[in-house]
Amino acid sequence: MRLTFMGTGTSHGIPVIACDCPVCTSKNPKDMRNRCSVYITCPEADGKTTGILIDTGPEFRIQALKYKVNSIRAVLLTHSHADHLNGLDDLRIFSHTKFSANCKSSSNPEKDYPETNGQGLPIYANSNTIADAKNRFDYIFKPTQEGGGKPKLCFIDNDCFSAENPLKVGSVTIIPVPMKHGELPVDGYLLSCTGSDGKKYSAAYLTDCSFISEDSLNLIKSNAGILEHVVIDALREKKHSTHCNFDDALNYAQKLCARHTWFTHICHDSSHEQIESYIKSHIDLYPALADVVKNGGSVEPAFDGLVISCGDL
């Protein structure tokens, strides 16, 4: 299983519009951050590849072209804020001619696969997110005039899934992880695959959160098998009412102790290099994390274009 970070920035992105701060004018490509999104791919036994998308932010079309997102079998939404949802309409191509796994073998996909079979591309989210999406993109779900096109989507409530009844997309097992983004209920995701050694390997994606309950932390630890990666919201050094700051992120990361921890949803208060320096200067305050690093693990800021692997890849 491979995770490609298509965006690691906060809602403004970096550079921020009309900002000439040192980070927004940095020449380091790791300081340029689109809105948060991750593309997950996993090869299957039949030679095909399962593609899973987390969040459809405003740059989704640009991200999909840049990172060669060629197929999507499922979309996981964390919540309905604009920086995670407003690219939803660009799923059109995946919910029609590109959704069928057989499209690539067709000489005329528009004729052979004019629309997605069934109810449409599955979109998994909590009930609040589904309600907001259907309200904001109401034209998708009601009869409209011909022309322009619109995606064919099937929303599915994450309440259907649990550790005992996980979502399965291809060979990837997914468990929603309830969190709080201020007062807003949001979902992180625990994504797992089986390695050639028969062991379970996992990555936890935990963006846009200010509170993760002990129950949710235990949900991850109890079901991860080998927890290779934790990707966690780490907005900035200063405290924030609806996001983890660097110390909050390090505290949660220490409770999970993945082999690799990655900060995401980063704002322009600190450069990539400054965040690296902050982690290095504070890691000893988190002895369990410090031990992970001493034994070959890592705690680092993620960046757009970063690719991490879980299991055999």
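In what follows, every heavy atom counts, from backbone to side chain, and hydrogens, waters and symmetry copies are set aside.
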Regarding S11 and D83, is there a side-chain donor-to-acceptor distance under 3.5 Å anywhere?
no
Let me check something: do L53 and L85 share a hydrophobic cluster, defined by ILVMFWY side-chain heavy atoms less than 4.5 Å apart, either directly or through other members?
yes
So, E228 and R259, do they make that salt bridge, N to O below 4.0 Å?
no
Is there a continuous path of hydrophobic side-chain contacts, each under 4.5 Å between heavy atoms, that joins L206 to L77?
no
Please report the C-alpha distance between R33 and I266 in whole Å, then the side-chain angles of each, then the deciding distance to 0.1 Å, and finally whether the side-chain contact (heavy atoms from CB on, under 4.5 Å) criterion is met.
CA-CA 8 Å; R33 302 182 186 275; I266 294 164; 3.7 Å; yes
Return yes if some donor-acceptor pair links the side-chain N/O of H181 with the main-chain N/O of T242 below 3.5 Å, else return no.
yes
Within the 3.5 Å criterion, strictly below it, is a donor on N126 or N158 matched to an acceptor on the partner's side chain?
no
Is there a donor-acceptor pair closer than 3.5 Å between any side-chain N or O of T129 and the backbone N or O of A125?
no
Give a yes-or-no answer on whether the side chains of D208 and H265 include a donor-acceptor pair shorter than 3.5 Å.
yes
Hey, does F5 have a side-chain heavy atom less than 4.5 Å from the side chain of I308?
yes
Would you check if the side chain of S281 reaches a backbone N or O of S277 as a donor-acceptor pair within less than 3.5 Å?
yes
Just by distance, do the side chain of K66 and the backbone of G305 share a donor-acceptor pair under 3.5 Å?
no
Between the side chains of K134 and D138, is the shortest nitrogen-to-carboxylate-oxygen separation below 4.0 Å, so that they form an ion pair?
no
Treating E237 as the side-chain partner and F246 as the backbone partner, does any N or O pair qualify as donor plus acceptor under 3.5 Å?
no
For the student: nearest non-hydrogen atoms of A133 and F141, plus distance
O-CE1, 4.4 Å
Hey, does the side chain of S192 reach the backbone of S202 with a donor-acceptor pair shorter than 3.5 angstrom?
no
With heavy-atom distances below 4.5 Å as the criterion, would you say the side chains of L3 and I54 are in contact?
no
Ignoring hydrogens and geometry beyond distance, is a side-chain donor-acceptor pair present between Y278 and D247 at under 3.5 Å?
yes
Is the Lys NZ or Arg CZ of K30 less than 6.0 Å from the centre of F303's six-membered ring, within 45° of the axis?
yes
Evaluate the side-chain proximity of H268 to R236: yes if any heavy-atom separation is below 4.5 Å, no if none is.
no
What do you reckon, is CD of E273 surrounded by more than 12 foreign heavy atoms closer than 6.0 Å?
no
Any side-chain heavy atom of L217 within less than 4.5 Å of one from L219?
no
Please confirm whether the backbone N or O of A163 pairs with a side-chain atom of N223, one donor and one acceptor, at under 3.5 Å?
no
Find out whether L256 and L227 are in side-chain contact, i.e. whether some heavy atom of one side chain is under 4.5 Å from a heavy atom of the other.
yes
Look only at the side chain of S26 and the backbone of P22, and say whether a donor-acceptor pair between them is shorter than 3.5 Å.
no
Grouping I, L, V, M, F, W and Y whenever their side-chain heavy atoms are under 4.5 Å apart, do I175 and L191 come out in a common cluster?
no
Pairwise distance NE2(H12) to SG(C24) - rounded to 0.5 angstrom
10.0 Å
H240-N245 side chain donor-acceptor pair, cut-off 3.5 Å
no
Is a side-chain donor-acceptor pair under 3.5 Å present for Y124 with D157?
no
Report yes if some heavy atom in the side chain of P301 is under 4.5 Å from a heavy atom in the side chain of I279; otherwise report no.
yes
Atom CD of E44 and atom OG1 of T41: how far apart are they, to the nearest 0.5 Å?
10.5 Å
Between Y205 and Y189 (judged by ring centroids, cut-off 6.0 Å), do the two rings come close enough to count as a pair?
no
Joint hydrophobic cluster, I232 plus V307, side-chain heavy atoms closer than 4.5 Å
no
Angle class for the H260/H229 ring planes (parallel below 30°, perpendicular above 60°, tilted otherwise)?
parallel
So M6 and V38, do their side chains get closer than 4.5 Å, heavy atoms only?
no
Would you tell me whether T78 and D187 have side-chain atoms, one donor and one acceptor, within less than 3.5 Å of each other?
no
Candidate pair V293 and V299, rule side-chain contact (heavy atoms from CB on, under 4.5 Å), full reasoning:
CA-CA 7 Å; V293 173; V299 181; 4.0 Å; yes
Are F60 and F155 grouped together when hydrophobic residues (ILVMFWY) are joined by side-chain heavy atoms under 4.5 angstrom apart?
yes
Taken to the nearest 0.5 Å, the spacing of S71 OG from R73 CZ works out to 9.0 Å
Do T261 and E300 have side chains that get closer than 4.5 Å, going by heavy atoms?
no
Taking CG in L65 as the centre, count heavy atoms belonging to other residues, nucleotides or ligands within less than 6.0 Å. Is the count above 12?
yes
Is a donor on one side and an acceptor on the other found under 3.5 Å between the side chain of R61 and the backbone of L91?
no
Establish, from distance only, whether the side-chain atoms of T8 and D304 form a donor-acceptor pair under 3.5 Å.
yes
Checking N135, D132, N128, N86 against S80 for side-chain hydrogen bond (donor to acceptor under 3.5 Å, both in side chains), the one that qualifies is D132
Side-chain donor/acceptor of Q274 to backbone N/O of V23, under 3.5 Å
no
